[in-house]
Enquirer: 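One structure follows; several queries about it will come next.
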Amino acid sequence: MKIQVQSQNFDIAAEINELCVGRKDIGAIVTFTGLVRDFNGDNKIQQMTLEHFPGMAEKQLATICAIACDRWPLQGGCVIHRYGPLSPGEQIVLVITLSAHREAAFEAAEFIMDWLKTDAPFWKKEQTAKGTHWVESKTSDTEKCKKWRK
Amino acid sequence: MKIQVQSQNFDIAAEINELCVGRKDIGAIVTFTGLVRDFNGDNKIQQMTLEHFPGMAEKQLATICAIACDRWPLQGGCVIHRYGPLSPGEQIVLVITLSAHREAAFEAAEFIMDWLKTDAPFWKKEQTAKGTHWVESKTSDTEKCKKWRK
Amino acid sequence: MELLYFARIRENIGHSSETLPQPGNVSDVKDLIGHLREQGDNYKAAFENELAIRVAINQTHVNFDHPVDDGDEIAFFPPMTGG
Amino acid sequence: MELLYFARIRENIGHSSETLPQPGNVSDVKDLIGHLREQGDNYKAAFENELAIRVAINQTHVNFDHPVDDGDEIAFFPPMTGG
C-alpha cells in the first residue's frame, strides 16, 4: 500500500484512479476522508496545525497497513496524511482500501483509521478565539482500537 | 440524501464536492464504490447487465437511506446505482456518507450497502464464454443484512 | 390488475407486463401465483420455486398472504442482486 | 544520546532536540525521565504527568522500562491525536 505524509492537499479521484487504472479484479473501493471541522465541542476552530514525527510517521503508517493487508484480502490501497496548518473544511487524511469483497474493504479502512488515531505520531493543535491548545487524545479512540485486538 | 438510478457513469469527486462544498462542519466522508469484476468464482465475465424496477428502485433506496439517517447522526450523503450493460472495471454503485464522526460514516455506509444488496430491486445478469446467466442471491448477503436488526 | 415481471421471471414468461382482470377465485398473492401457473409452461417455469419469488404490490414488498385488488400493480421478481 | 521532543513536550521544554551524553545513573527510559526532570522547570513541566508521555527509541514505541543506550535516538511526545 502507498503511504504518504505531506503538507500539500490530495485528490481522492486521482488516488483512486492511480490504484485502479487498468484493473478489472477489484469489486469494492472504500475511501475515508477526514476533514477539519469548524467546531470541537463548544470551541469554534479558526485553524488547526498538525505536527508530526518525520520518518516515524511513515513507518507507523506502513506497519498499520501491513497488519491490515495480513488480516484482510486486500488488493491495494493508500494512506495519505497531511501536516502543517489547515483551515476548517480542509482535508487531513485519506485512506483507500481495495478488495474483491465489500466487507474486507470496509473493515480494513475502519481498522486503519482506528489504529492510525492512536499509533501514528501526529498531534493536533487548535487555534480558537481564546488562544491555541493541543487536542487531548480520546479514551474512545483507544477503545475503538482495542476492539480490533479480539 | 440524494438518490439516483441511472445508466450513465458517475464521478466520485464531483459527488463529494456537491455534498461538501462550502461546508466546514463535516469531519468524516466515507465512500463505497462497487465495480464489475472480471471473475465471479471460476467464470470469466465478459459483460454484466443490470436490470431494475424503475420507480421502486428509487423508492427502496430512499427508504434505506431514511433508515440510515434515523439510526446514525449523518450530515448528508448520496446513493447512485447504475443499470444497463456494464463491462468489467466499470462502476456499478456509489454510496457516500458524511458525518461529524468517522464511526457513524463507516457504519451507515456499510448498512446502506448491506440493505441495498437484499432490498433494492436490481438484478445482475452475467455474460461469460459459456453464455449468460442470472446471478444468484447470496445467503451471506441476507446474513449481513440481518446483523443490523439487532 | 397490472402485472409486472422482472429478470429471470420476465424471461421465463416471455413478456414484461400484462393486464389481467382479477379472477374470481384470486384474493391474495398465493392465489394469483396459483392462477398464473395454469396459464402455460412459461408461467409454470417462472413460478415453479416459491422460494425464488419476491412480490411487490404498488412498489411495496409484501408476503404471499397479502390480499390483491383489481386496481393493484403487482410485480414478480427473483431475490435481488444489486449493489 | 539524541533526544527529540514533539508537540506539548517540545513546547514545554522550548526546543525540539538536543544531544546528551548518557548519564552514568541512566540505564532505562524511566531513569532518563528522572534525570531530565532535574534539568529545570521547563523539563519538570514537560515530564510531570507520566500518563501523558509516550516514548519511541529509534522510531519504535517502547515502555518506560526499556533500556537506553548512548547511540539511541529517543523521542518523547504526548499521546497521538492524528487522523
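Numbered from 1 within each chain, the chains take letters A, B, ... in sequence-line order. Hydrogens, waters and symmetry mates are skipped; everything else that's a heavy atom, side chains included, is used.
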Enquirer: Side chain, backbone, both or neither: which part of B:Asp141 has a heavy atom under 4.5 Å from chain C?
Expert: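 Interface part for B:Asp141: neither.
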Enquirer: Taking atom CD of B:Gln6 as the centre, does the number of heavy atoms from other residues, nucleotides or ligands within less than 6.0 Å exceed 12?
Expert: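 Above 12, so yes.
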Enquirer: Step through the shown structure and confirm whether more than 12 heavy atoms of other residues, nucleotides or ligands are within 6.0 Å of NZ on B:Lys125.
Expert: yes
Enquirer: Take the angle between the ring planes of C:Phe6 and B:Trp123 and call it parallel below 30°, perpendicular above 60°, tilted in between.
Expert: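 C:Phe6 vs B:Trp123 ring planes: parallel.
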Enquirer: Under a 4.5 Å heavy-atom cut-off, does chain C meet the side chain of B:Lys117, its backbone, both or neither?
Expert: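 Both parts, backbone and side chain.
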Enquirer: Short question: side chain of B:Lys124, backbone of C:Gly83 - any donor-acceptor pair under 3.5 Å?
Expert: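 Yes.
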Enquirer: From B:Met56 CE over to C:Thr60 OG1, what is the distance, rounded to the nearest 0.5 angstrom?
Expert: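 OG1 of C:Thr60 is found 6.5 Å from CE of B:Met56.
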Enquirer: Taking atom CD of B:Glu136 as the centre, report whether more than 12 heavy atoms of other residues, nucleotides or ligands fall under 6.0 Å from it.
Expert: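 No, not enclosed.
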Enquirer: I need the residue from B:Ser137, B:Ala57, B:Gly34 with the largest number of non-hydrogen atom pairs under 4.5 Å to chain C.
Expert: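 Most pairs with chain C among the choices: B:Ser137.
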Enquirer: Please determine whether the number of non-hydrogen atoms from other residues, nucleotides or ligands lying under 6.0 Å from atom CG of C:Asp41 exceeds 12.
Expert: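 No, CG of C:Asp41 has 12 or fewer neighbouring heavy atoms, counting only those of other groups under 6.0 Å.
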Enquirer: To the nearest 0.5 Å, tell me how far B:Gln60 CD sits from C:Met80 CE.
Expert: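 Those atoms lie 7.0 Å apart.
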Enquirer: Going through the checks in order, is the side chain to side chain contact (heavy atoms under 4.5 Å, CB included) test met by B:Trp134 and C:Glu11?
Expert: CA-CA 10 Å; B:Trp134 292 99; C:Glu11 285 188 345; 2.8 Å; yes
Enquirer: Quick check on B:Lys59 against chain C: is it the side chain, the backbone, both or neither that has a heavy atom closer than 4.5 Å?
Expert: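 Looking at B:Lys59, just its side chain touches chain C.
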Enquirer: Measuring from C:Thr81:OG1 to B:Glu51:CD, what's the distance to the nearest 0.5 Å?
Expert: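 Output value for this atom pair is 9.5 Å.
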Enquirer: Could you tell me which portion of B:His52 (side chain, backbone, both or neither) has an atom closer than 4.5 angstrom to a non-hydrogen atom of chain C?
Expert: backbone
Enquirer: Measuring heavy-atom distances to chain B, does C:Arg54 have an atom under 4.5 Å in its side chain, in its backbone, in both, or in neither?
Expert: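 Answer is neither: C:Arg54 stays 4.5 Å or more from chain B.
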